[in-house]
Amino acid sequence: GANPQPTNGPVNPALKPGLHVYLEYSNEFWSGVGDQTAWIEKQAQVAIGVEDKDLDWDRDKNEYDLIWRINAKGVMLLAKAFEAVYGASGFGNVYRPVFAGQIANAGTYAGLEYLDKEHGGASQYVWAIAGAPYVDFNGDTPGNKLTASQIVSGMNAYQKANIAPWIGDLATVAKAEKLEGGMLAYEGGQGALYKTAGSVSAQTNSGIRGVSTTLLDTWFGRGGGTFF
């Protein structure tokens with residue numbers, strides 16, 4: 001049926017028809033939060049050390065490159081596991097494998113190149129790519145004395161100089177890879193990192209609404225999909 005029951009292991013209620021399962025391989029390997037950063041760094045080192053014929057087919061000694069190939073391979077394996085249950089027609093209709101990376105660094109999406117070269121194309125396994133467009137501002141440091149108006153102004157400047165180009169880069173990658181789901185935002189918004197009097201006051205500043213609406217206008221204007 002649409003939700004076949006496994007032959008062993010836990011059995012959960014069938015997925016409600018029309019709902020979609022978004023699949024991500026772990027969470028932000030680059031962030032350093034949790035054990036996944038150290039784990040994937042070790043996997044990359046091992047792959048380089050043994051000259052893994054799949055992940056390191058080109059004898060790339062850059063650990064960072066291998067990290068993103070491992071991420072991409074994880075997404076591919078997830079896609080294959082779900083295909084084994086739901087069939088190829090379930091891709092996009094039931095399960096949606098997502099390759100998430102750093103929107104500020106388009107190089108993180110180089111893992112897709114690995115799938116293109118070694119596994120017949122990223123679009124077979126990756127439904128969409130995803131990033132997290134957060135609107136920060138210059139001077140966002142602990143204990144900064146910036147006022148709410150200065151912070152809002154800084155966010156507007158940061159958005160124009162950084163966020164808009166990054167979203168454009170992400171859209172270019174999604175288009176080049178011909179991904180069915182294009183690009184998604186797995187999180188995002190205005191991004192004051194530190195709690196200061198100014199950052200708290202900025203939340204009710206008359207200009208903060210414009211920061212968010214400009215972000216969404218830019219995102220959807222470049223063809224962005226769901227903004228989680």
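What you see is a predicted model; the values in this text were computed from it and never measured. Just so you know, residue 1 is the first one in the sequence shown, and it goes up from there. No hydrogens, no waters, no symmetry mates; every other heavy atom, side chains included, goes into these values.
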(message) Starting from Val173, can I reach Trp127 by hopping between I/L/V/M/F/W/Y residues whose side chains sit under 4.5 Å apart?
(response) yes
(message) Would the distance check show the side chain of Thr213 and the main-chain N or O of Gly210 forming a donor-acceptor pair, the cut-off being under 3.5 Å?
(response) yes
(message) Using modelled atom types and a 3.5 Å cut-off, is there a donor and acceptor pairing between side-chain atoms of Gln159 and backbone atoms of Leu215?
(response) yes
(request) With rounding to the nearest 0.5 Å, note down the distance linking CD in Gln43 to CZ in Arg69. (result) 15.5 Å
(message) Could you measure the distance from the CD atom of Glu118 to the CE atom of Met76? Nearest 0.5 Å is fine.
(response) 10.0 Å
(message) Are Ile40 and Val46 connected into the same hydrophobic cluster when the rule is that any two of I, L, V, M, F, W, Y join if their side-chain heavy atoms are below 4.5 Å apart?
(response) no
(message) Can you classify the ring geometry of Tyr86 versus Phe82 as parallel (below 30°), tilted (30 to 60°) or perpendicular (above 60°)?
(response) parallel
(message) Please report the interatomic distance CG(Leu112) to CD1(Ile129), rounded to the nearest 0.5 Å.
(response) 6.5 Å
(request) State whether the side chain of Arg209 and the backbone N or O of Ser206 hold a donor-acceptor pair below 3.5 Å, judged by distance alone. (result) no
(message) Any side-chain to backbone donor/acceptor pair from Gln150 onto Thr147? Under 3.5 Å, distance only.
(response) yes
(message) Quick check on the 6.0 Å ring-centre criterion: do Tyr109 and Trp68 meet it?
(response) no
(request) State whether Asp58 and Lys117 are salt-bridged, where the test is any N-O pair (Lys NZ or Arg NE/NH1/NH2 against Asp/Glu carboxylate O) under 4.0 Å. (result) no
(request) Identify the two heavy atoms, one from Gly198 and one from Ile151, that lie closest to each other, and give their separation to 0.1 Å. (result) C-CD1, 3.4 Å
(request) Give a yes or no answer on whether the side chain of Thr226 reaches the backbone of Phe228 with a donor-acceptor pair at less than 3.5 Å. (result) no
(request) Would you check if the side chain of Ser199 reaches a backbone N or O of Ala192 as a donor-acceptor pair within less than 3.5 Å? (result) no
(request) First locate atom CG of Leu55, then atom CG of Asp65, and finally report the distance between them rounded to the nearest 0.5 Å. (result) 12.0 Å
(request) Would you give the length of the straight line joining atom CD1 of Ile167 to atom OG1 of Thr218, rounded to the nearest 0.5 angstrom? (result) 5.5 Å
(request) Examine the side chains of Tyr64 and Asn105 and answer whether a donor and an acceptor come within less than 3.5 Å of each other. (result) yes
(message) Please tell me whether Tyr25 and Gln36 have a donor and an acceptor in their side chains that are separated by less than 3.5 angstrom.
(response) no
(request) Identify the heavy atoms of Gln124 and Phe91 that sit nearest to each other, and give their distance. (result) O-CE1, 3.8 Å
(message) Would you compute the distance between atom CD of Gln102 and atom CG of Leu170 and round it to the nearest 0.5 angstrom?
(response) 12.5 Å
(request) Find out if a path of hydrophobic residues (ILVMFWY) with successive side-chain heavy-atom gaps under 4.5 Å connects Phe137 to Tyr134. (result) no
(request) Search all heavy atoms of Asp54 against all heavy atoms of His119 and return the closest pair with its distance. (result) OD1-NE2, 2.9 Å
(request) Keeping the roles fixed (side chain from Arg222, backbone from Ala171), state whether a donor-acceptor pair exists under 3.5 Å. (result) no
(message) Counting C-beta onward and ignoring hydrogens, is there a side-chain heavy-atom pair between Met155 and Ile208 closer than 4.5 Å?
(response) yes
(message) If hydrophobic clusters are built by linking Ile, Leu, Val, Met, Phe, Trp and Tyr wherever their side-chain heavy atoms come under 4.5 Å apart, do Ile67 and Trp57 end up in the same one?
(response) yes
(message) Main chain of Leu193, side chain of Asp140: is a donor-acceptor contact present, judged purely on distance under 3.5 Å?
(response) yes
(request) Look at the side chain of Trp219 and the backbone N and O of Thr214, then say whether any donor-acceptor pair between them is shorter than 3.5 Å. (result) no
(request) Kindly say whether Thr141 contributes a backbone atom to a donor-acceptor pair with the side chain of Asn144 at under 3.5 angstrom? (result) yes
